[in-house]
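For reference, the structure is listed below as structure tokens.
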2 protein chains.
Amino acid sequence: MISCPKCSEVGSIMKAGYVRNKQRYVCKDCNYFFTLANPESPVPGKKARRHQTTIIDIARSIGVSNSTVSRALHGHADISPETRQAVLNMASQMDYQPNQLAYNLVKSRTNTIGMIVPEFHNPFFPNVIIGAHHVLTEAGYNLTIMQSNESYPVEVSNTKAMLANRIDGLLISLTQETNNFDHLKVFEKRGIPLILFNRVCDHVEVPKVVVNDFDASFSAVEHLILNGYERIAHLGGPLTLLVSRERLRGYRAAMEKHGKSIEENMIIQGMFSQQKARIYGKYLLELENRPDAIFAVNDSAAIEIMLLAMEKGIRIPEELGVVGFSDNPESAYIGPGLTTVRQPTLEMGTTTAEWILQMVDSETEIAMPTQKILKTELVVRGSSNRIRDI
Amino acid sequence: MISCPKCSEVGSIMKAGYVRNKQRYVCKDCNYFFTLANPESPVPGKKARRHQTTIIDIARSIGVSNSTVSRALHGHADISPETRQAVLNMASQMDYQPNQLAYNLVKSRTNTIGMIVPEFHNPFFPNVIIGAHHVLTEAGYNLTIMQSNESYPVEVSNTKAMLANRIDGLLISLTQETNNFDHLKVFEKRGIPLILFNRVCDHVEVPKVVVNDFDASFSAVEHLILNGYERIAHLGGPLTLLVSRERLRGYRAAMEKHGKSIEENMIIQGMFSQQKARIYGKYLLELENRPDAIFAVNDSAAIEIMLLAMEKGIRIPEELGVVGFSDNPESAYIGPGLTTVRQPTLEMGTTTAEWILQMVDSETEIAMPTQKILKTELVVRGSSNRIRDI
DNA sequence: TTGTAGGCGTTATCAC
DNA sequence: GTGATAACGCCTACAA
């Protein structure tokens, strides 16, 4: 009796054609298609590691030494055109694929840049990746990406893995819970190029690429004020992040400049999460004397607030102004449109990539920028635009 | 005179504090912060490759052999607790980091799964990555991601890089222009586990993970028909992709089942791109006898069509029904809401990951599923829902 | 122009 | 229990 390798169901197995001359089955229950193992498996336990053709194989088959082959393959000078051709021919004939592992071991460089990002839920980091990927690929580098999932332990283990894999340089954006930075100092100590981007910290002296969070936040809040909003709340991110602190600072500065009193219970700093955004949003909108505008740390939170407001019948922008941060795709389409701060994500990717290449390629220490502040842009949409109503 | 390393500007350099005891400068022009190189760089050209502490260093410092150290580090049996402790202590004291490269070379496995995706613009692949990443990390594997950028040559070079880096298994989703599959057959020949997902092809006999494109497409179109739409157009993807062909097939089947005549000039197959979607959408909406509904191959295209319709004053869903595919975040918020097919992206990630682990971990051939068809779900929103109007 | 030999950092197989 | 020593696949002085 055949049982499904996935759900172990026995009754629902049906034949489903052939593949590689073997009967194919499908489990009607869980949709699995599968074939059966060969009963006569060769010498079980003794894994027959199939031999990959190496440089030595090529050498032997055309009667030269391995160093000659090596030189031919790398187009070194001082090698006769005939031998080079012979080697090249034989290489492709034998389907030779260089073993990057061995190469890396002896050269002790991997031609690979590592990148650690905290999350993949928002389009922000994918976009940064697009930018960095483009530059690195052009330069002949690989990009290997890891995801810390907003977890400090995972971030530490990621950096260890990067170290162990001997990446040539690392681009990292910290998790929202990272407040110990020893795992980054290791890179400094080892002389491995490191760049922080977006989610940076002060505790380590390496180049950083950020956006002008303070200015962006300032003008976002000022924009609300200029639209006649008086009692503006701030739904901020975790204060472990410099990003959050800067945005908070911008908020305060704008409020002060315009002589608005800040009610401290209208400032909430919390972790990034849909759930939290909803909880805090609810709190704010149910305050006895609720705010007439909310500046949120990101678009997800802002949208959550808009949805809440709609549920409660609070009109946007008449009764409540909302501004977000990031310009997610959905922000253009929700309700009256969400006013938000557009971030130069692609540029952040290309900039970090260009810098890390500079650092990696330079034999000796060179003039290295220590910080780049990219410019954001306030995208005004309906959620905050009530100038016409005043 | 100091010039900015980025923009070469000379006049706009200002001092900006200190970093690592060196004067820091900022270029007011382009926002670069930088420090200057040390003039007394040590023996230029002779890169002082700093020695990483190896297993041998540890061995020497406590007077044992390297094999003993190796064994202690890996918790092998047959080693006295004292030596083990001594080794472990010394290792952390000397800040030892194992060289994964060397390890990989001798074990000829890398504990790394590769993944090649065609694009990062839609949230689809990032979500698949989230799923796969989760499973692989749990299992102690690394995930290294590459992006082919919808380019066949890049895809080929990506697979080569994966091969050279000796990944233990590969997950791949093809580009829209891939129609030669030799680069995949290499994996079969070498016995390297390979799984195709989402963008699959028939030309290679490996496990595949897809969604029920035919059924999804069928019910999307049937849904339109049941809402009283008569002349339904299909804006499809490139026919190189099985995905596109399946969706087209579903469209035709639904139309036929309900006795609707298919007008061939209302079927357009094209590459995925915002621009193309706009061009084709314009064509369709400006046809003399324009369709009363459009089923698009993805949400980006569908949204482009909705925007076009709005520009033209065509009312949705009254005069035009629209259905997309993928359920992007913005689809919930645009206009009356976009009816679309939700894909189980996370599950696609976890499934492929689980399978590749099975394939990688098994010493001998095992019962391997050959195909899994994940179920989609039609999310009905305002863009197609005019039953109440009929 | 080509070959020889040593080394990159580990693990594994023997001996002892 | 522990220690030589041979792989793993490749590069590169140095020799020839």
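Below, all heavy atoms of this structure are taken into account, side chains as well, without hydrogens, waters or symmetry copies. Chain letters run A, B, ... following the sequence lines, proteins first and then strands; every chain starts at 1.
Only B:Ser80, B:Thr83, listed by number, bring a heavy atom of residues 80-93 of chain B to less than 4.0 angstrom from any atom of DNA chain D.
Separating the CD atom of B:Gln52 from the P atom of C:dG9 is a distance of 9 Å, rounded to the nearest angstrom. When rounded to the nearest whole Å, the span between CD1 of A:Ile58 and C1' of C:dT2 equals 17 Å.
Here A:Tyr152 pairs with A:His183 under the ring pair (Phe, Tyr, Trp, His ring centres under 6.0 Å) rule; sequence neighbours left out. Scored by the side chain to side chain donor-acceptor pair (under 3.5 Å) test, B:Thr175 finds B:Thr178 as partners (sequence neighbours excluded). For B:Glu119, the side chain to side chain donor-acceptor pair (under 3.5 Å) criterion is met by B:Asn122, not counting sequence neighbours. For A:Ser80, the side chain to side chain contact (heavy atoms under 4.5 Å, CB included) partners at least two apart in sequence or on another chain are A:Glu82, A:Thr83. Among residues two or more places apart in sequence or in another chain, the ring pair (Phe, Tyr, Trp, His ring centres under 6.0 Å) test is passed with A:His134 by none. Residues passing the side chain to side chain donor-acceptor pair (under 3.5 Å) test with B:Asn198, sequence neighbours excluded: none. By the side chain to side chain contact (heavy atoms under 4.5 Å, CB included) test, B:Ala86 is found to be paired with B:Ile62, residues two or more places apart in sequence or in another chain being considered.
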* Taking protein heavy atoms under 4.0 Å as touching, what does nucleotides 11-16 of chain D look like 5' to 3' if B marks base contact, S marks sugar-phosphate-only contact and - marks none? -> SB----
Which atom pairs, donor and acceptor, lie under 3.5 Å between side-chain atoms of residues 90-97 of chain B and protein residues at least two apart or in another chain?
unit_1: B:Ser92; atom_1: OG; unit_2: B:Asn89; atom_2: O; d: 3.1

Kindly list each side-chain donor-acceptor pair under 3.5 angstrom involving residues 163-173 of chain A, sequence neighbours excluded, with atom names and distances?
unit_1: A:Asn165; atom_1: ND2; unit_2: A:Ala161; atom_2: O; d: 2.9
unit_1: A:Arg166; atom_1: NH1; unit_2: A:Leu163; atom_2: O; d: 3.2
unit_1: A:Arg166; atom_1: NH1; unit_2: B:Pro98; atom_2: O; d: 3.4
unit_1: A:Asp168; atom_1: OD1; unit_2: A:Thr110; atom_2: N; d: 3.0
unit_1: A:Asp168; atom_1: OD1; unit_2: A:Thr110; atom_2: OG1; d: 3.4
unit_1: A:Asp168; atom_1: OD2; unit_2: A:Thr110; atom_2: N; d: 3.4
unit_1: A:Asp168; atom_1: OD2; unit_2: A:Asn111; atom_2: N; d: 2.6
unit_1: A:Ser173; atom_1: OG; unit_2: A:Phe197; atom_2: O; d: 2.9
unit_1: A:Ser173; atom_1: OG; unit_2: A:Arg199; atom_2: N; d: 3.2

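Each end of the helix from C:dT1-D:dA16 to C:dC16-D:dG1 yields a helix axis from five base pairs, and these two axes differ in direction by 40° (to the nearest 10 degrees).
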* Go through the steps for B:Val69 and B:Val64 under the test side-chain contact (heavy atoms from CB on, under 4.5 Å), then give the verdict. => CA-CA 7 Å; B:Val69 175; B:Val64 294; 3.8 Å; yes
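At the phosphate of D:dG3, OP1 or OP2 sits under 4.0 Å from a side-chain N or O atom of B:Ser65.
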